[in-house]
Amino acid sequence: MRIWDLHCHPSTFGSEDPLKAMTDVVRTADRMGVERMCIYLGSLRHYDPNPVDLEDHNNWILRAMKPFPDRVFGFAYLNPNYLQKSLAEIDRCVRDGPMTGVKLWVAKRCNAPELDPIVEKCAGLKAVIFQHTWIKTTGNLGGESTPMELAELASRHPNVPIICGHTGGTWEIGIRAIRANKNVSIDLAGSDPSNGFTEMAYRELGPERIIYGSDSGGRSMGSQLAKVHGAEIPEGAKPLIFAENLRRMMLPILQAKGIRA
Amino acid sequence: MADYDKIDTNVYLSRYPFRRLPGDEPAELVGKLRRGGVERAWAGSFDALLHRDLATVNRRLSDDCRRFGNGLLVPFGSVNPAMPDWQEELRRCHEDYRMPGIRLLPGYHGYKLGDKAFVDILGAATRRRMIVQIVVSSEDERTQHPMVRPVDVSVAAGVDPIRSTPGARVQLLNHNHRTPADLAKKLMAAGEVYVDIAMVENTHGLDTLVKAIPPERVAFGSYYPFYYWESAALKVKEAALLGPQELAIFRGNARRLMGDGR
Ligand SMILES: [Zn+2]
């Protein structure tokens, strides 16, 4: 079965060097049967990166991608607190560069109006929009979005596909929060391999709004693959979740860039 | 993965208090384990997390392990040493139900490993030659139910009680990143202490673990049905261990901990 990983951070594989890190990523992916990986966030772990940090992050990913054009897709890290710089990074990395999506993390809650021009610009380029979300019993970070806030953003852009990163971690609430927003897909990555997650997502969202991701190296690829391999859902849904849903979303931008997929 | 006969040291029967789980009916659970190549599964009961009447919890556990799986399920009852007359619960687990060990839940039962309660039950179980499993964590604290938030067990406090209980056989279940390698090593130097792999995370989590601590103290455990059973098995695959080391994790180490060929 073809497996694409929506959510991979080479910089957490134990090497600061993008090429060494990627060699490790690819070796592990080969072992686990993963064909393609979306990669983002450089070796710095800035929650609220300034314009210089943003460029550094994205340059790290550009270096990591370079030797693996048929293997990885790079996403540009953005910070809505620096809107002009974020829009410029979309131009530099996606419009004029090899990247195919954007990653929004924990700098600003995603229902803020600053997200609108970012979403519109990405929509014009057919770039993938990935927004981290969590619902933490222990309390979210100040700028850390919830799936409920993502639903607000998605409601303002009903025709733009948006990905709800981690499904909010607390997935029983996250799935409900975005259920009515048909333009939102969920990311399975980066939470414990809790039995029932994929089953509930399948039941409430159908097979076409669920996308496999790992959040490796902060997570084991194995523990995350188990969420699909082990799910009690029709076998016919698994190829969609493992690769086809993401591929369908990415195909226009991949074709525009001449990337084979 | 199915080629090995595995021992899964960390499964549960009955109901997780906060959600129904695929596989939480014992017949389904047994089927799933068999398909994964599990020959023995050390089973506790989720009821023990919150029920106070542990006597009936342990009786149901014992009954279900006898009724389902033809010997696949090995019951590990739960005893709460912070409750009055826990000694009788321990006696029943050992003498009436012939359990080879107990599964302690300090996070839910409200005591620490430095408390006299733990020292006492560790000593009493060891005198009965029972294995003592200690559940370090039951769920990521970030996803816990907001009204029920047990804290992860601090295992550092267990070093002294284990050292001063000769013959103790201990396994930490759902031990996680909060137990750094040097602390795990200290625990293992204090006595016959094992860990399972259910909550070991990160891409190189397992291969790093078996380099950092004595590899013969690492046993396969899935935390099924709370986790997808495949998680633990795929982590072993991902770690790319040598054949003998893989076999030791899947089976050999748990056998040695059990001690009597059971
Ligand atoms: Zn991530």
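Chain letters run A, B, ... following the sequence lines, proteins first and then strands; every chain starts at 1.
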So with a 6.0 Å cut-off around [atom1] of [X], is the heavy-atom count from everything else above 12?
{"X": "A:K136", "atom1": "NZ", "value": "yes"}
{"X": "A:R176", "atom1": "CZ", "value": "no"}
{"X": "B:N70", "atom1": "CG", "value": "no"}

Testing the basics here: between [X] and [Y], what is the closest heavy-atom pair and its distance to 0.1 Å?
{"X": "B:T203", "Y": "A:T28", "answer": "CG2-CG2, 3.7 Å"}
{"X": "A:E199", "Y": "B:P22", "answer": "OE2-CG, 3.7 Å"}
{"X": "A:M32", "Y": "B:L234", "answer": "CE-O, 3.5 Å"}

Measuring heavy-atom distances to chain B, does A:N140 have an atom under 4.5 Å in its side chain, in its backbone, in both, or in neither?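 Neither part.
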Chain A heavy atoms under 4.5 Å from [X]: which part of the residue, side chain, backbone, both or neither?
{"X": "B:A232", "answer": "neither"}
{"X": "B:Y16", "answer": "neither"}
{"X": "B:R149", "answer": "side chain"}

Pairing donors with acceptors under 3.5 angstrom, does anything connect the side chains of A:S220 and B:E238? yes
When you compare the side chains of A:D192 and B:Y227, does any donor N or O come within less than 3.5 Å of an acceptor on the partner? yes
Within the structure provided, determine whether B:S231 and A:Q224 are in side-chain contact (heavy-atom separation under 4.5 Å).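 Not touching, per the 4.5 Å side-chain cut-off.
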Among A:S216, A:G222, A:A231, who wins on heavy-atom pairs under 4.5 Å with chain B? A:G222
Contact leader toward chain B among A:I135, A:T198, A:I173, where contacts are heavy-atom pairs under 4.5 Å: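 Going by pairs under 4.5 Å, I would pick A:T198.
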Calculate, to the nearest 0.5 Å, the distance between atoms [atom1] and [atom2] belonging to [X] and [Y] respectively.
{"X": "A:T170", "Y": "B:H145", "atom1": "OG1", "atom2": "NE2", "result": "11.0 Å"}
{"X": "B:D140", "Y": "A:T137", "atom1": "CG", "atom2": "OG1", "result": "8.5 Å"}
{"X": "A:M221", "Y": "B:H204", "atom1": "CE", "atom2": "NE2", "result": "8.0 Å"}

Please check if the side chain of A:N195 supplies one atom and the backbone of B:L21 the other of a donor-acceptor pair under 3.5 Å. no
Check: A:G196 main-chain N/O paired with B:Y228 side-chain donor or acceptor under 3.5 Å: yes
Who among B:R142, B:K235, B:M199 has the most heavy-atom pairs with chain A under 4.5 Å? B:R142
May I have the step-by-step check of side chain to side chain contact (heavy atoms under 4.5 Å, CB included) for A:E172 and B:T143, ending in yes or no? CA-CA 10 Å; A:E172 285 154 315; B:T143 63; over 6 Å; no
For B:E201 and A:S223, run side-chain hydrogen bond (donor to acceptor under 3.5 Å, both in side chains): C-alpha distance rounded to whole Å, both residues' side-chain angles, the deciding distance at 0.1 Å, then the answer. CA-CA 8 Å; B:E201 267 292 354; A:S223 75; 2.6 Å; yes
